[in-house]
Protein chains: 2
Amino acid sequence: MTSLRDVAERAQVAVSTASAALNGTRPVAAATRLRVERAAEELGYRPNLLARGLQSKRTRILALLFPAPHSGFGPTEMQFATGAAEAARELGHHLLLSPEHADPIEELRHLTGLGLVDGVLLMEVRLDDERARFLSGAGVPFAMIGRTRDPAGIDYADIDFAATAGDAVAHVAGLGHRKLAFFNLSAGTYAAQYGPSIRAGAEFAAAARQAGIGYVGDFRPGSAEEGGEAFDRLLAEHPDVTALAVMDDHAAVGVIAAVARRGWRIPEDLTLLLVLSSARVAEMFHPRLTTLEPPSAELGRLGAQMLIDRLRGDGPPRQRLVPCRLVAGDSSAPPREGVTS
Amino acid sequence: MTSLRDVAERAQVAVSTASAALNGTRPVAAATRLRVERAAEELGYRPNLLARGLQSKRTRILALLFPAPHSGFGPTEMQFATGAAEAARELGHHLLLSPEHADPIEELRHLTGLGLVDGVLLMEVRLDDERARFLSGAGVPFAMIGRTRDPAGIDYADIDFAATAGDAVAHVAGLGHRKLAFFNLSAGTYAAQYGPSIRAGAEFAAAARQAGIGYVGDFRPGSAEEGGEAFDRLLAEHPDVTALAVMDDHAAVGVIAAVARRGWRIPEDLTLLLVLSSARVAEMFHPRLTTLEPPSAELGRLGAQMLIDRLRGDGPPRQRLVPCRLVAGDSSAPPREGVTS
DNA sequence: GTGAAAGCGCTAACAT
DNA sequence: ATGTTAGCGCTTTCAC
């Protein structure tokens, strides 16, 4: 391991000068800087991050708190991680993947106490999130992918549910549908105050109201089986529904099966939208479902960027909402004939 | 930040004694140790990892080199990461997620030069992997999830393709099938010497031969469209095939569509197996496909464990092969009648 | 069994 | 503009 001292010796300067020459922390004569840079180059010098961090109190390491594989665990979560890791890298930082388990607070206390990370990135944020509260209280810089109920003063990147719901409703309304149903995430996630569950529900209702079309939003199937049941009940109670937006992948599977059992076809008899699911998943269906694809990688990137900006200095907190992208598949079409509404 | 000095002061001992008491690196009187431990406890002392690492040359940080999202990017890759992160955590280590891009070697040189990580975990290993060669040459401890062609002396955890193929063949043979086809990963992955592609191909052929059943293995559809075409060609050339194992999720989608177009049904007319795909994905199909689910999380765990063991001391390299788990779905059944073989 | 002191590699005063 | 000095918080000789 070649150290800064080696470089300094070779360039015939003091260590502090070598340091300054490489970091630009204080003026250095052009000639000197050149000598130092050449020496560093020739020796293949790499600054020791530990030494630097010990001194400067900044490690340039971010931690991504990763929830235990409970509920959903699709490409979405993964892309938060990869997006964040890539952005961090581009900005000269590193990303620690920190699996969260039993006691997330103890976990955080440990992680931040070690002096290893400069800041924390939170995902799967709940409306009332104890982790966010803890970090705020502890004065640890952090940013969220998602957001709490009242995220004032906190950096975050989240899905723009209002715009997403608006796009979805506009899509089906544009096709002529007059009544839309929405299958939210499982009751469990809703009860857990999971942001997307709550917000998507509210925004779809609002968007439908605003567009002046009928709306049914009180189903929360969390599995294929529940999805099928929910669909049957939906049509029993609301036979005039012609379009359905589903949040849970597995519920969608059940819906599709139920549609087939009924002798119906997609999209002729039902327009089906998949919400918050990746295009990769949508391609697994037949027909390929129209999808509102979450900007997962971008949210991850944004989260990391915001956090790093925050560490660099302090501007006002940045709060970004990014809508899902509507990827048209083969599951949307004008409403079926003979609907009595 | 409370430091070891604070603890030492409060316990009325020298810093070195406090250190020894907490780490057990040298004998300390029971009474003294107790005082130190209590002081540490009361002050909420957390050792500074940077300082410790600077001194000891060991950071207890592992890097997981994460390939850029090119080919497949499913739950499998993600579970390598989470499995490894969890195992690392349990063993007192941390996992750095290091996205790999353009020049992986430069990447590695950088990463290891920083003195930040003790070892590297490789995934998506090719038969002839330059990263493995570089790490070996540089003397950087590493372990692989997957393995090179000649992994002698290197720790790795990989799928037991022989056992997996054996299980799959036994499954279909047990149902009475006499001829099995295998759709490998895309031609691109094969050309890239991607381990699973090569090994699964070879082992399925071997297992079929050994079981004495017919075998067709020269298809490599990498998309739904190619999957459908491959299936049509397969039946044109081998009308007596009654069972099919598919590696690529999307190809499976195409196969299912092609089966339906033909007026066939699964499993009555075709037994369909999904190989190396997660149960989560298999559940998206109708009927739910029988799957050979890769032990992804376990491979990640094993990789991390091996690497940590290696860092702790040196025993002989550990090389573990873990078979896929056969998860029976509703896509396997005895062969259709009237097959002329 | 315990304390004092050196030093890991670096940055940041403080001198010059 | 450059060199000297003092640590960052810890582990580890080396004395006692």
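Here is the naming used below: chain letters follow the sequence lines, and residue numbers restart at 1 for every chain.
Here the side chain of Ala29(A) is nearest to one of dA1(D), dC10(D), dT11(C), namely dA1(D). Listed nucleotides: dT11(D), dG3(D), dG9(C). Nearest to the side chain of Asn48(A): dG9(C).
At dG3(D), one or more side-chain N or O atoms of Thr17(A) fall inside 4.0 Å of OP1 or OP2 (strictly under the cut-off). Residue Lys57(B) places none of its side-chain N or O atoms closer than 4.0 Å to OP1 or OP2 of dT11(D). Ser16(B) has no side-chain polar atom (N or O) that falls below the 4.0 Å cut-off from OP1 or OP2 of dG3(C). In terms of phosphate contacts, Arg52(B) brings a side-chain nitrogen or oxygen within less than 4.0 Å of OP1 or OP2 of dT11(D). Side-chain nitrogen and oxygen atoms of Ser56(B) include none within less than 4.0 Å of the OP1 or OP2 phosphate oxygen of dT11(D). For Asn23(B) and dT11(D), the shortest distance from a side-chain N or O to OP1 or OP2 is below 4.0 Å.
Between the side chain of Gln55(B) and the base of dG9(D), no donor-acceptor pair under 3.5 Å is found. Remark: the Arg26(B) side chain and the dG3(C) base include a donor-acceptor N/O pair separated by less than 3.5 Å.
A donor-acceptor pair under 3.5 Å is absent between the side-chain atoms of Thr32(B) and the main chain of Val28(B), judged by distance alone.
Backbone-only engagement by Ser3(A) is indicated by non-hydrogen atom pairs under 4.0 Å involving sugar-phosphate atoms exclusively.
Atoms CG (Leu34(A)) and C1' (dT2(D)) sit 17 Å apart, rounded to a whole Å.
Results of the side chain to side chain donor-acceptor pair (under 3.5 Å) test with Asp128(B) over Gln193(B), Arg133(B), Arg149(B) single out Arg133(B) as the only residue that passes.
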